[in-house]
Amino acid sequence: MKSIRNFLKRIDESRMIIQKGSLDGIDVDCIVYLNEELEKNLQDDALLQLVNVARLPHIVKRSIAMPDIHSGYGFPIGGVAAFDFENGIISPGGVGYDINCGIRCLLTDITVYDLKDKIKDLLTRIFLDVPSGIGSDGRLKLSKNDLKRIVRKGALWAVENGYGFEENLERIESGGFIPESDFASLSEKSIDRGLNQQGTLGSGNHFLELDYVSEIFDENLASSFGLFKNQVAIMLHTGSRGFGHQVCSDYVDRFTSYNLKEKIILPDRQLVYASFKSVYGKDYYHAMNCAANYAFCNREIISFFIKKSFEKFYKTDKIGIRLLYDVAHNIAKVEEHTLDGKTKKLIVHRKGATRSFPKGHKDLTGLLKKTGQPVLIPGDMVSGNYIMVGGEKSLYESFGSTAHGAGRLLSRNQSQKVAKRKDVIKEIEKSGVFVLSQSRRTILEEIPEAYKDIENVVETVKNAGLSYPVVKLLPIGVIKG
DNA sequence: ATGTGC
């Protein structure tokens, strides 16, 4: 049998295509953004997932994957797929288990020279103040009524309850909360899991990093964003914790029995879905937004803890900690996009993909309407991270989306095997990065070698016009969950 | 990702 790989053709330096009609049940193109270097890392199973997404009903225009594509649950990680609002579908696999996993970047007024010799002490201070690790409980004890308000108000709840700052809201995607949520769509089990995990980092690839601006690519945008050379910045990567995981798990189960009952034929049993306008679809959408709001709140509360840690440590409140931006990279959103010259409402699934709206976009406000949306793309814990800006072409190419990170190269098991052969912590520290974690195993799974080269990912999305580099950040201290 | 897992 001919491998699916043989149907993949290069369009240009950054794009590859499987054309519609070339495989069974494919009425839309499959596009994957890859330079020639990253093409070598493309997994066959992830490519098959991209193709299977194209087989879902009422998919619009194309099935898309970013250069950080790798295999996920049903949909590939790095995947973007939009469905028609009137007749289309929503699928939990198109969002993933960590609903509204995302990144935020905080800026400071201090430079790397003010931090270098203190990094171990400050990072330890933060490590003590921000709960991390699998199953970790938060410092907040929430009542069921608190949770009810959190899933409705997102980051606004943190602001109203003394764990956040009002000026941050306009620097969070969607203003820090999505209105279409409904507590009634949640299971008792998810509610229980949500009660004690607010304000916690979690585990796996979630992290909290102290970085500095090492390179500036766009002086004007850097200065508009308040970025300067050698400035200390904080990158935070976390999501909706066990709460969002339970929501996804609940609805994968519900959709599975529903799809069986309706005798829906799926290209992959992990691709369960429901019509967006059906009771099932609406329930999942409302529950997913509960988890999205929970995650926006989580990142705001953790940022509050980080600010306190800095102020305690430096014994001054003049650190100038402020939010640059907070993006979601695992979410489904109702958005308007232009198709064949007409504005259409779509359900855009971004699963390991970052929104990348350019300047002038109607959903952007204030300064960001003039500059475009900041896009936060983390690499591995040594190579560093990029702050980019939304590109005009993303609207035509990828429903206003770009990559979300370096993307895994090795599976967690493979990574542990490689890492066990050497003193990984020593190697990381030799590269100038101090690392703390609740679990040695997490570090073994998260070694730099486990990830693709962030430079290739950034180059690919830049050449495709999806987003453009503004600055590069290099880590000096990392907390891994 | 996850009170990791048949």
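Every heavy atom of this structure was used, including side-chain atoms; hydrogens, water molecules and symmetry mates were not. The chains referred to below are lettered A, B, ... by the order of the sequence lines, with proteins before strands, and numbering in each begins at 1.
- Here A:Gln197 lies in heavy-atom contact (under 4.0 Å) with sugar-phosphate atoms only.
- Between the C1' atom of B:dT2 and the OH atom of A:Tyr251 lies a distance of 19 Å, rounded to the nearest Å.
- Remark: A:Lys462 NZ is loosely packed, at most 12 non-hydrogen atoms of other residues, nucleotides or ligands lying under 6.0 Å away.
- Atoms CG (A:Asn196) and P (B:dT2) sit 13 Å apart, rounded to a whole Å.
- If you measure from atom CG of A:Asp192 to atom P of B:dT2, you get 18 Å, rounded to the nearest angstrom.
- Annotation: ring pair (Phe, Tyr, Trp, His ring centres under 6.0 Å) contacts of A:Phe85 (sequence neighbours excluded): A:Phe276.
- Near DNA chain B, defined here as any heavy-atom distance below 4.0 Å, there are no residues from residues 137-146 of chain A.
- A distance-only check finds a donor-acceptor pair linking the side chain of A:Tyr294 to the backbone of A:Gly194 [under 3.5 Å].
- Following rounding to the nearest Å, A:Glu445 (CD) and B:dT4 (P) show an atom-to-atom distance of 13 Å.
- A:Ser240 comes within 4.0 angstrom of no nucleic acid atom, judged by non-hydrogen atoms across all strands.
- The side-chain contact (heavy atoms from CB on, under 4.5 Å) check on A:Asp45 picks up A:Gln43, A:Ser71, with sequence neighbours excluded.
- Using a 4.0 Å heavy-atom criterion, one finds that A:Arg241 contacts the sugar-phosphate atoms exclusively.
- The nearest whole Å value for the distance from the OH atom in A:Tyr73 to the C1' atom in B:dT4 is 16 Å.
- Partners of A:Ala54 by side-chain contact (heavy atoms from CB on, under 4.5 Å), not counting sequence neighbours, listed by chain and number: A:Ile26, A:Val28, A:Cys30, A:Ser63.
- One atom, CD of A:Gln438, and another, C1' of B:dT4, lie 16 Å apart when rounded to the nearest Å.
- By the side-chain contact (heavy atoms from CB on, under 4.5 Å) test, A:Phe304 is found to be paired with A:Tyr163, A:Phe165, A:Lys308, residues two or more places apart in sequence or in another chain being considered.
- Here A:Arg269 pairs with nothing under the side-chain contact (heavy atoms from CB on, under 4.5 Å) rule; sequence neighbours left out.
- The nearest whole Å value for the distance from the CG atom in A:Asn413 to the C1' atom in B:dG5 is 11 Å.
- Heavy atoms of A:Lys189 sit under 4.0 angstrom from at least one base atom.
- Among the heavy atoms of the strands lying under 4.0 Å from A:Arg441 is at least one base atom, whether or not backbone atoms are also near.
- If you take CZ of A:Arg412 and P of B:dG5, they are 12 Å apart, rounded to a whole angstrom.
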